[in-house]
Number of protein chains: 2
Amino acid sequence: MRRQAPTLEDVAREAGVSRATVSRVINGVRNVDPAIRETVRQAVSRTGYAPNQAARSLVTRRTGTVALVMSGAGDVSDEEQDAFAARALTDPFFGRVVSGVVRQLRPRSMHPVLMFAETAEARQEVVGYLRQGSADGALVVSTHADDPLPALLAGAGLPAVLFARPSRPVALSHVDLAHRDGGRLAAEHLLGRGCRRIVTVSGPLAVSASQERLAGFRDTMARHGHAYVPFVQGGFTVDSGMTAMTELLAEHPEADGVFAANDLMAQGICQVLRERGRRVPHDVAVVGFDDSSVAVACRPPLTTVRQPVEDMAAAMARLLAEHIRGARTEPASVVFDPELVVRESA
Amino acid sequence: MRRQAPTLEDVAREAGVSRATVSRVINGVRNVDPAIRETVRQAVSRTGYAPNQAARSLVTRRTGTVALVMSGAGDVSDEEQDAFAARALTDPFFGRVVSGVVRQLRPRSMHPVLMFAETAEARQEVVGYLRQGSADGALVVSTHADDPLPALLAGAGLPAVLFARPSRPVALSHVDLAHRDGGRLAAEHLLGRGCRRIVTVSGPLAVSASQERLAGFRDTMARHGHAYVPFVQGGFTVDSGMTAMTELLAEHPEADGVFAANDLMAQGICQVLRERGRRVPHDVAVVGFDDSSVAVACRPPLTTVRQPVEDMAAAMARLLAEHIRGARTEPASVVFDPELVVRESA
DNA sequence: CCGTCACGGGAGAGCGCTCTCCCTCCATGG
DNA sequence: CCATGGAGGGAGAGCGCTCTCCCGTGACGG
């Protein structure tokens, strides 16, 4: 079957009109006589015609594809490189990002190409991919504060939107959360519950979101008379949460409240607490961050600072679409507000 | 900057050679005089030339892009549709698939476009996407036994490779696990530990892998004198595992062993067991399936049937690449063997 | 009754590349 | 010394589309 796919020319011949007319019908531009339009439509379905995207892209300079880039640390060792994709995708956070992005892209008939930029080589590949016109723009989910990718993209004049504010200012639109407020919310809640010996497990400090959450948390604590809050740096994984909590418990066995910079770590923390015979929230209250799927799956369900990831991702996609079609030229910044979701853990 | 991207023509003029020669240098075909090659290379970097993929695809009929399709049930309601992507990506299983696929695709400079085919419309979009040459082929991770997508793809003569054997035979290559053997492994292990009152939580029976695991498990149990094994159908999620176990415990409080069709459910089962005061594995032994990231994160770490998902995904990508470049014309079938991984839960 | 204009359709010039021919040049052997 | 052939380079024909320009037609007003 279909030894040779039918072209516009074939359809035009079949319908007895010119190529231009068929093109008009297919793309719905300008008025075409209803009778002719119908004839063309029938010719299209009779021939089983499907427009060739490459030919189309060649002249429109648009592909309908965007790169969805999970951008990582500065550089990563070989064995880590393999795990990068798996780890990124295992985090419920990324699932939500993809979900939000896809929801916006679909009605625009755009499609995301998944890319990972964890090494200098991979970053060059992303830039090259865009420069050769394989994708119209990039959505970058950058975890590392000094990720070089945004600057590369901006330097090449490529349309891109970032998740998270870049540490060094760069001429790209971005979407972010008011992480500082999130930290404040967590502190106020723990304080409000009457917790007095509060500790915290931060995210990797190389991630600016971690720094902000921690800063907001500490500032609020300080304002309420807790000048010093013991903390340990975690890695945003369940495991790292467990390790961190074990460490904190060794030095501060009297702790009665803990703020974890994400839900995954909060889950690990709850686990360690339970193993040590501490009841959550009775003995120790735990506040997470994200309000991801694990927040409800966790025992007890987590009180957490909600980050509207899907909406943020959707905003990213919308911004990028605007940049691509030229409806927006100046970089924009959209900041979302966090929200405390009270469940059982605190 | 770059008002107009440089073309082959520009580079050729800059280097003082013909377009054809520049093309040869860039694609590394045929012999080119080393001196000229160097001149061209310099002209390329001086102009900052990047080949236009659309123009290239137009003539080569190849894009270097493959669709990575998460194909779902027959049809799905509107509210489920939104959640589909998020759910699919949250399951650690998909992360492993993507990781394996990307590892194979990268060295071939191919890229995956993420697509979700959970409705008839979405399936048509996938087929259309391939038909218009936006992608060279499809990798389909099909969960539902009677997923119509494989047949659509095969019918259109499009290169595609499936994860999981299709229920109705279809002329496409596929990669699968010997699920039946996996079920057998689980049964033998529980029996070997001395469990006598064994129950099981299956996956959704609409998924053929679930049926196979269950069948393998039951057959082995029957062969060892357990004609009937109480079972409840789960949904491959932590939640559904909890619900299922609660139900099973109500009717079979004396249970001393349980086989869960995946690790996520096994995790939920362990949680319920602990809440009910049953010690794992002392009172009840639990065997999971997959050996995903949660298997090690779970308390206690899960004894589970390992599915080499990354390798399977890599095999898929390799097969598809072969089909695309025409190195393979007949559909192939690659079946991997499961392996029991003994940890603490059983 | 003729000029004007809006509307619908066709012709054809590219978009930027690859790839098949063909041509030239030089090394080689009889 | 000339026929032969292989290697390296150039010319040019597309690939399948979009889009600008142009042309014919019929409605309308002066």
Side-chain angles (χ1 to χ4, degrees), chain A residues 2-41 43-44 47-64 109 128-134 136 325, chain B residues 2-41 43-44 47-64 109 128-134 136 325:
Chain A
R2 63 181 210 96
R3 301 206 64 77
Q4 191 70 301
T7 72
L8 250 203
E9 190 73 51
D10 298 327
V11 179
R13 201 179 314 114
E14 177 83 15
V17 297
S18 75
R19 238 172 31 240
T21 301
V22 179
S23 176
R24 282 182 195 121
V25 171
I26 287 172
N27 297 304
V29 299
R30 267 188 38 180
N31 279 343
V32 173
D33 187 285
I36 295 189
R37 183 164 36 202
E38 194 43 40
T39 312
V40 171
R41 289 245 169 83
V44 166
T47 51
Y49 171 73
N52 179 305
Q53 183 56 43
R56 209 173 233 185
S57 295
L58 185 55
V59 31
T60 60
R61 305 186 162 282
R62 199 123 303 158
T63 62
S109 358
Y129 193 73
L130 291 169
R131 292 219 322 136
Q132 69 184 9
S134 288
D136 301 332
R325 70 162 192 273
Chain B
R2 62 182 210 98
R3 302 205 63 76
Q4 191 71 303
T7 72
L8 251 201
E9 190 73 51
D10 298 327
V11 179
R13 200 178 317 116
E14 177 84 15
V17 296
S18 75
R19 236 172 32 242
T21 301
V22 179
S23 176
R24 282 180 195 122
V25 172
I26 287 173
N27 297 302
V29 298
R30 266 188 40 179
N31 279 342
V32 173
D33 186 285
I36 295 191
R37 182 164 38 203
E38 193 43 41
T39 312
V40 171
R41 289 245 168 83
V44 165
T47 53
Y49 171 73
N52 179 305
Q53 183 56 44
R56 207 174 235 184
S57 295
L58 185 55
V59 31
T60 59
R61 307 185 160 284
R62 199 123 305 158
T63 62
S109 359
Y129 193 75
L130 291 168
R131 291 221 322 136
Q132 69 184 9
S134 288
D136 302 332
R325 69 163 193 271

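Chain naming here is simple, since letters A, B, ... match the order of the sequence lines and numbering starts at 1 in each.
Listed nucleotides: C:dC17, C:dG10, D:dG9. Nearest to the side chain of A:Val17: C:dG10. Side-chain proximity of A:Ile36 to D:dT18, C:dC17, C:dG9: nearest is C:dG9. In the set C:dT18, C:dC19, C:dC15, C:dT18 carries the atom at the smallest distance from any side-chain atom of B:Ser23. Looking at the side chain of A:Arg56, the nearest of the listed nucleotides D:dG9, D:dT18, C:dG16 is D:dT18. The side chain of A:Arg61 has C:dG16 as its nearest neighbour among C:dG16, D:dG9, D:dG10.
A donor-acceptor contact under 3.5 Å links the side chain of B:Arg24 to the base of D:dG10.
Residue B:Val29 is out of contact with every strand shown, counting any heavy-atom pair closer than 4.0 Å.
With rounding to whole Å, B:Leu8 atom CG is found 12 Å from C:dC19 atom P. The CG atom of B:Asp33 sits 5 Å away from the P atom of D:dG9 (whole-angstrom rounding). With rounding to whole Å, B:Arg62 atom CZ is found 14 Å from D:dG16 atom P. When the C1' atom of C:dG16 is taken as reference, atom CG of B:Asn27 falls 13 Å away, rounded to whole Å. Atoms CD (A:Gln53) and P (D:dC17) sit 11 Å apart, rounded to a whole Å. We find that CZ of A:Arg19 is positioned 10 Å from P of D:dT18, with the value rounded to whole Å. Rounded to an integer number of Å, the gap from A:Glu9 CD to C:dA11 C1' is 12 Å. Between B:Asn31 atom CG and D:dA7 atom C1' the separation is 7 Å, expressed in whole Å.
Residues A:Gln132 and A:Ser134 have side chains that bring a donor and an acceptor to within less than 3.5 angstrom of each other. B:Arg131 and A:Asn52 share no side-chain donor-acceptor pair at under 3.5 Å.
Positionally, the nearest nucleotide of DNA chain C for A:Val32 lies more toward the 5' end than for the other of A:Val32 and B:Ile26.
Phosphate contact (OP1/OP2 of C:dA11, side-chain N/O of A:Ser18, threshold under 4.0 Å): absent. A close approach under 4.0 Å does occur between a side-chain nitrogen or oxygen of A:Thr21 and OP1 or OP2 of C:dG10.
A:Ser23 places no side-chain N or O within donor-acceptor distance of the main-chain N or O of A:Arg19, the cut-off being under 3.5 Å.
Heavy-atom minimum distance, B:Arg325 versus B:Arg62: CA-NH1, 4.1 Å. The two residues B:Thr63 and B:Asp136 have their closest heavy-atom pair at N-OD1, 2.8 Å.
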